[in-house]
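Step one of this worksheet: look at the structure below.
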Amino acid sequence: TAKLKQKTQFTDGICDGIWFNARIAPAGNPLQTISNATIVVRDGVIAWMGSQPEMPAEFANLDIPRHDVAGKWITPGLIDCHTHLVYGGTRADEFALRLAGASYEEIARQGGGIVSTVRATRTADEEMLFQQAARRLQPLLAEGVMTIEIKSGYGLDLETERKMLRVARRLGEHYPVEVVTTFLGAHALPPEYTGRADDYINLVCDVMLPTLHSEGLVDAVDVFCENIGFSLAQSERVFATASQLGLPVKMHADQLSNLGGSQLAARYQALSVDHLEHLSEADIIALKQSGTCAVLLPGAYYFIRETRLPPIALLRQYEIPMAIATDHNPGTSPTTSLLLMLNMACTLFKLTAAEALMGVTGHAARALGKADTHGLLAVGRAADFVMWDVDSLAELAYWSGFNPCSAVVRGGVVQ
Ligand code: NIG
Ligand code: FE
């Protein structure tokens with residue numbers, strides 16, 4: 001068929017092509033754009049990009065496929081820099097309890113919450129976890145997500161944490177998306193360690209993290225520093241172990257209370273601190289000094305019906321890079337739309353549409369420590385970009401439940 005032929009053409013041509021008649025936001029910043037733009041791709045890499053009239057003659061005569069973009073917008077591939085995509089079961093029953101009046105914290109204290117997903121994840125086999133996560137991954141990919149961070153943390157024992165991270169890696173092998181794995185062994189206290197949190201942290205630091213790291217399964221390390229998670233001292237032990245192994249750290253910080261987590265994270269040069277509803281100005285000053293990103297998670301704010309807003313105006317004032325992510329997870333953010341998070345970051349957190357878009361491109365790249373390679377279209381970088389059938393980039397944050405992504409190009413190959 002014609003479609004098959006087209007596909008062969010691109011793969012045989014080893015990812016060469018010229019995309020013309022586009023409007024490009026190279027840094028995902030709607031304030032810095034190129035109109036009547038062209039991208040020339042050679043061997044999967046951007047060889048030239050700019051305004052069509054300025055294209056050097058050497059590219060004009062190339063015998064490679066040409067694509068008329070018809071005025072569509074092109075941005076870097078989107079990055080979902082905080083997810084818990086791999087897990088067993090759902091928490092729809094817990095949602096009902098919360099609607100009947102129970103709080104997220106109360107449910108967690110009564111042995112539900114994260115621990116109920118741990119039970120379901122321990123009993124699920126690897127293939128089932130893969131299939132279920134793949135079903136949730138696909139709608140994200142359809143929205144132009146090309147890089148996704150996936151955390152462990154619903155195993156809380158070596159075997160199940162390994163199983164989750166292996167599934168995360170496999171997703172990146174089977175789907176056109178780059179997966180960044182984060183070990184979140186310190187997510188909750190497993191039931192078999194009740195009353196022995198320090199012993200569990202010993203297990204995390206002495207066994208789980210070094211083992212999984214040696215197996216190549218860990219790109220970064222995260223901790224849930226919270227009253228219903230782990231204390232400051234326990235969080236620090238995990239960070240110290242990660243640092244010894246040369247792994248970057250991040251933190252679920254200041255979501256339900258302020259334990260001082262963000263300042264600890266800053267001391268360990270964390271890539272990001274995430275959630276931040278209870279972040280203070282002193283914390284923000286520490287983040288500024290360490291170059292740590294703030295990751296905002298409007299899906300979780302919305303779904304647990306939080307009323308305290310993260311301190312957006314202060315983050316803006318101190319010019320802390322703000323990323324936005326789905327935080328996809330079964331308990332606090334069962335969403336499969338990153339674009340909806342742009343919309344909610346604007347409506348709930350009052351970000352501008354421009355800030356929201358940078359939050360899932362350049363700033364999300366920073367939150368993953370990948371600003372040198374991701375979140376920006378430039379000559380010499382991979383030809384990973386998304387085409388949007390919109391009149392203005394503000395539409396990426398404007399719609400809710402509508403997907404204007406018209407094509408995804410990865411390494412110069414139309415997906
Ligand atoms: O990002 N806060 C901790 N971790 C997740 C929720 C996990 C869960 O409830 O299953 C979060 O909100
Ligand atoms: Fe999370």
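Every number for a ligand or one of its atoms is a count from 1 in the order of the listing.
- Those atoms of ligand 1 that come under 4.0 Å of a heavy atom in T332, given as number and element, are 6 (C), 9 (O), 11 (C), 12 (O).
- The protein atom (non-hydrogen) at minimum distance from atom 4 (N) of ligand 1 is H187 NE2, 2.9 Å.
- Judged by distance alone, the side chains of S257 and N227 do bring a donor and an acceptor atom under 3.5 Å apart.
- Aromatic ring centroids of F95 and F303 lie under 6.0 Å apart.
- Counting atoms of ligand 1 from 1 in the listed order, those under 4.0 Å from a heavy atom of G331 are 9 (O), 10 (O).
- Less than 4.0 angstrom separates some heavy atom of D327 from each of these atoms of ligand 1: 1 (O), 11 (C), 12 (O).
- Close to ligand 1: N329, with a non-hydrogen atom less than 4.0 angstrom away.
- Between A270 and T292, the shortest heavy-atom contact is O-OG1, 2.8 Å.
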Just do the side-chain contact (heavy atoms from CB on, under 4.5 Å) check on R169 and L171 with the steps written out, would you?
-> CA-CA 5 Å; R169 284 274 190 254; L171 289 168; over 6 Å; no

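- In summary, the atoms of ligand 1 found under 4.0 Å from a heavy atom of Y154, numbered by their order in the structure, are 7 (C), 8 (C), 10 (O).
- Among Y104, Y87, Y301, F303, the residue whose heavy atom lies nearest to atom 6 (C) of ligand 1 is Y104.
- With a 4.0 Å heavy-atom cut-off, ligand 1 is reached by the side chain of Q255 but not by its N, CA, C or O.
- The Fe ion (ligand 2) has H82 among its coordinating residues (N/O/S atom, backbone or side chain, under 2.8 Å).
- Heavy-atom distances between R91 and ligand 1 reach below 4.0 Å in at least one pair.
- Angle NE2(H252) to the Fe ion (ligand 2) to NE2(H84), rounded to 10°: 100°.
- In Y193, the OH atom is crowded: over 12 heavy atoms of neighbouring residues, nucleotides or ligands sit closer than 6.0 Å.
- Atoms of ligand 1 found under 4.0 Å from any heavy atom of I114, numbered from 1 in the order shown, are 7 (C), 8 (C), 9 (O), 10 (O).
- With ring centers used as reference points, H328 lies under 6.0 Å from Y87.
- At distances below 3.5 Å, at least one donor-acceptor pair connects side-chain atoms of N258 with backbone N or O atoms of H278.
- For the 3.5 Å distance criterion, the side chains of S400 and N343 fail to qualify, holding no donor opposite an acceptor.
- Counting atoms of ligand 1 from 1 in the listed order, those under 4.0 Å from a heavy atom of H82 are 1 (O).
- For the Fe ion (ligand 2), the N/O/S atoms of D327 include one lying under 2.8 Å.
- R91 and G331 make their closest contact through NH2-CA, 3.2 Å (heavy atoms, listed as atom of the first residue, atom of the second, distance).
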